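Right, one structure below, let's go through it.
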Amino acid sequence: MFAPVSPQVSFPSLDAKILAQWEEQKIFQRVAEREGPPFVFYEGPPTANGMPHAGHVLTRVMKDVFLRYRSMCGYRVPRRAGWDTHGLPVEVEVEKELGINGRAAIAEYGVEAFSKKCIDSVFRYIGEWRKMTNRIGFWVDLDDAYVTFHKRYVESEWWALKRLFDEGLLYQDYKVVWWWAQGGTALSSGEVGQGYKEVDDPSVMVRFPVKGHEGTSFLAWTTTPWTLPSNVALAVKADASYATVKLEDETKPGSAWVGAEYVAPFDYAKPEGGPAHRVIAAAFVELGSGSGMVHLAPAFGEDDFRACKAEGLGFLQLVQPDGTFPPEVTDFAGRFCKEADRDIIRLLKKKGLLFKEEVYRHEYPFSWRRMSDPLIQYARTSWFIKTTREIHRAQENNQAVNWEPSHIKDGRFGQFLAGNVDWALSRERFWGTPLPIWINDVTGKRVAVGSAAEILEKNPNAFDHFHAAKAKDPSLAEDLMVHKPWIDEVTWTVPGEEGVYRRVPEVIDCWFDSGCMPFAQLGYPHHNKEEFEKTFPADFITEAVDQTRGWFYSLMMISTLLFEKEGYPHPFRNCVVLGLLTDEKGLKYSKSLKNYTDPLKLMDDFGGDAVRWALYTNTVPGQNTRFFEGAVRDAAREFLLKVWNVYSFFVTYANLYEKDAPWTPEHARPALAERSDLDRWVLAELDFTVRKVREELDGYTAHQAVKRITSFVDALSNWYVRRSRSRFWAEGDAADKQAAFATLYEVLVELSRLVAPFVPFVAEAMHGNLCSPEGLSRAGRLAEATAHASVHLAPFPAADDARRDDALRESVALARQLVTAGNRVRNEAKLKVRQPLGEAIVVVASDDERAAIERFSDAIREELNVVSLSFTTEPAKYVDFQLLPNFPKLGPRLGKELPLCKKLLGEADGSKLHAELSASGTITVTLPSGPVVLGPEELQVRLQAKEGFAAASEAGRVVVLDTHVTPELRKMGLAREVTSKIQRVRKDRDLPYDARIVVTWDAEGELAEALFEHGPSIAAEVLAVRFERGANANAERSDVDGAPLGVHVALA
RNA sequence: GGGGCACUAGCUCAGGUGGUUAGAGCGCACCCCUGAUAAGGGUGAGGUCGCUAGUUCGAGUCUAGCGUGCCCCA
């Protein structure tokens, strides 16, 4: 027999049991090791230096559902975890922990010790991540995770960087960054965003005398007077009008001034590398504020830098990295740039160059780690990847990717590629992949290296410093060999060449790390060449939308640059872009706001499956979703419990099949053709659902698949089980009972497999009980039993043409619509379902519908509690007909005359038209252009119940109820009332389902008549072995519609 | 400032290729069932589909503009 299943279930404790079972039986390993065609998945590496939240849970369960699905479909699905370990966020965490700030402080603390601290920090929350990952049922191999700081991984990146370098794609140039002068470091945009505050800055309008136009000056506006000594150019908007006032009253377009030269306000030094002090045109010039002319200092502004570079102008940077003016700025040498603003203005005034001065209140960024330190925009030399050279290839590659949602391709991602700028790769930091470029300190010759082995060829003693350190401290990780500070000790000389090769000081952007994972996770090309070729490109990746410019970009860009011979797309074919999870107000989850519930708490309260199902049902790719506890609670209640109830119902009655003989899978299963319509219907619905779910999952739209499953479960529970209930304890028709058990069993087994990728715990629990190895082997299906130790090793349900029956599905849908309409009639007429009625009359528009309905006449009669169901021959008596054009058909044919046609049909006597249509097959409408003959397929018939009948219409069908209650019907109603009362007594006394009873009743008149007449059926219904009239002192007294009744129930 | 996405019932959300009665769940109201029972079910109310123009015989759906919100970037 099946293990008993209680309808009261605790999903969280179920999870625990299943997790233990998986662990014990090594189910994940068995799934992972199965043979089959590969389905390649790449895990986007998270950083485990913070607590995971529901957003991380979402990406994990979305990965899991497609991977489990593919496994069940027979693919071999590698599931390797990964960790992103480098980067500024890690360094900042450590700085906070150590209570230090800035580069100097880190150098003082010691780069070696600092790097070690970074490693510790990266894995600080790895325990929480593991726990969350395991708890939610995300199967991924955490023990064999790739880690971006590992030596092998770094060497793969070096290989990639060397290739880029050798192809001329890696170059050095200036980049304007937000610079924290006091800390000696650039800040990331995230950090800059945290440090804005409102301040008053001077705002000055400065005169720039025009060369060759005596007495004329350009006026330009700036809020950073300290950048004026470094002025290189002025920018105009080419198509705006510029006025020359006082002397000449004329206007010229900005373009007319382009090329004009002027005298810069200061001449401490000359810009280098090109001409300067002339007017150029730039698109970013705005007319909203200032004079329409913009002062450009390329050393201190991103736009300035780009515009001047594009014009081939020179460069001048008269502020030192520590924020002070250099000696050549004689008036202000050694002073902090921003603090000199006032004196600069004073000097301008003295020179007669100040036109106007104001105070400007705006938001300005400061160092979030010391809010008194203003940031400045500052050009630093940086290493770049020349992505712009190959961007067309990336764009072509992008076109071949299947994005879900599709608008990402030409929207967010496509637009981003279109506006591509070269990738600023280097970081002046400590904890990152070192840039593998060495420069000869005499000749300036540059060399990139692709591995540690390559270095050793140049200098066998290159890593001696590291080995010495390791000898002193054996705990030193081998991986740190390729990191700062040791890598900076690596030098070499080349025979016959003067000078020593020393590494550049920079490390690289950690996005480059994660973007290399397709090959770096395998150590390619130094290791695993074959394995790499087998797992490239990925079939599927998914992350949240914030990765568009992050991981998705770095993956694609790097792959495009390195693997130019590979056919597009690569390195991923399908990419599901998830929306962000937000709180109830629509705000992004954030650590600082603490606006989310710990996902582990939700799992502990409602179970992993509830969290998973809530995420599948409530999120759509690309769309932000408000996610809160309520959704999880609903998922448990609305879906999981419904499934569980059906399952529990089945198991309960299977175990009560016959006295001491439960129903088991060994029982004979009637052939499909021998089963009832109802059985074949539910199997047809299942088949339909299976087809659709496969389609949706193949197309990476899990949210649609989930809808299909939800509506199937609803149909199963609300129609199949409800309509079939009594078949499961029937005693008469053994064949039908067998069919019912066989059908529900088959449905539940397949359902458990169908939902397994989504709700792996509940699925496993159901499947384990329904298809237990013991049960299967007793049923003579030993092979299956061994293979299916887990639902996740079982095959995903497949379409079955034998079960398919769309006509049957339509019929039942029709019958259910009629029941809905009939229920509405009863509701409106205040006629309880308990009171039988004589007749339901159905009006339909076609004979096909009539046949379809007659097939389910029994069900409809029972649901509506009517004695007979009939089809009227005089529809006009009950309904009005209305004819409407069939718009999709007639639209193209009639065009502009369609509204008139609709109007004429509406004004005509619909019932007459309908009669004509039924008789002759056509009707004729006279339009201005002439008479038009319309056939049935060009028209739609609408029925409306006439006033005065208990009737309701539903989707073009009308149900009329005969509300006359005859004495006979009334007695039937009374009998049902009594049945209901006796059932209640059974329930109140908590009698077992199959307990037989003896009923003694006491009533007079009409009620007594009813009980004599319907006694046998009541007795059968309530499992009474005797149902007799008689007085009993202990009888329960009540009244039925005014008549007194005494009922006594005793165990037989 | 640039790019992207969204705006549909009180709430959370669905609504291929335009087709004239716009759907679901929750919540709410009324009711039923009592052999899935600390469950289950029925019916109903509730929407000028953000606004304004346009294209079209016909627009929630296409186009343009505007508004609001969010995300990414500056």
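Both backbone and side-chain heavy atoms feed into the values below; hydrogens, waters and symmetry mates do not. In what follows, every chain begins at residue 1, and chains take the letters A, B, ... in the order their sequences are listed. From a predicted model like this one, the values you see are computed outputs, not experimental measurements.
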Between B:rC13 (C1') and A:F639 (CZ): distance, integer Å: 18 Å

Side-chain N,O (A:R986) to OP1/OP2 (B:rU34) below 4.0 Å: no

Working for side chain to side chain contact (heavy atoms under 4.5 Å, CB included), residues A:W613 and A:T617: CA-CA 6 Å; A:W613 193 258; A:T617 50; 3.3 Å; yes

Nearest-angstrom distance, C1' atom, B:rC13 to B:rU8: 9 Å

First of A:P899 and A:D714 reached from the 5' end of RNA chain B, by closest nucleotide: A:D714

Nearest listed nucleotide, side chain of A:R412, among B:rG3, B:rG41, B:rG15: B:rG3

Touch class at under 4.0 angstrom, heavy-atom based, for A:T820 against every strand present: sugar-phosphate

Residue whose nearest RNA chain B nucleotide is more 5′ - A:K902 or A:T619: A:T619

Euclidean distance for P, B:rG60 against B:rU48 (whole angstrom): 13 Å

Nucleotide paired to B:rG60 in any strand shown, Watson-Crick or G-U, under 3.5 Å: none

A:N718 side chain near B:rG41 phosphate (N/O to OP1/OP2, under 4.0 Å): yes

Sugar-phosphate, base or nothing in reach of A:S711, heavy atoms under 4.0 Å: nothing

Interatomic distance, A:I982 CD1 vs B:rG35 P [rounded to whole Å]: 12 Å

CD/A:E977: more than 12 non-hydrogen atoms of other groups inside 6.0 Å: yes

Pairwise P distance, B:rG46 and B:rG1 [rounded to whole Å]: 43 Å

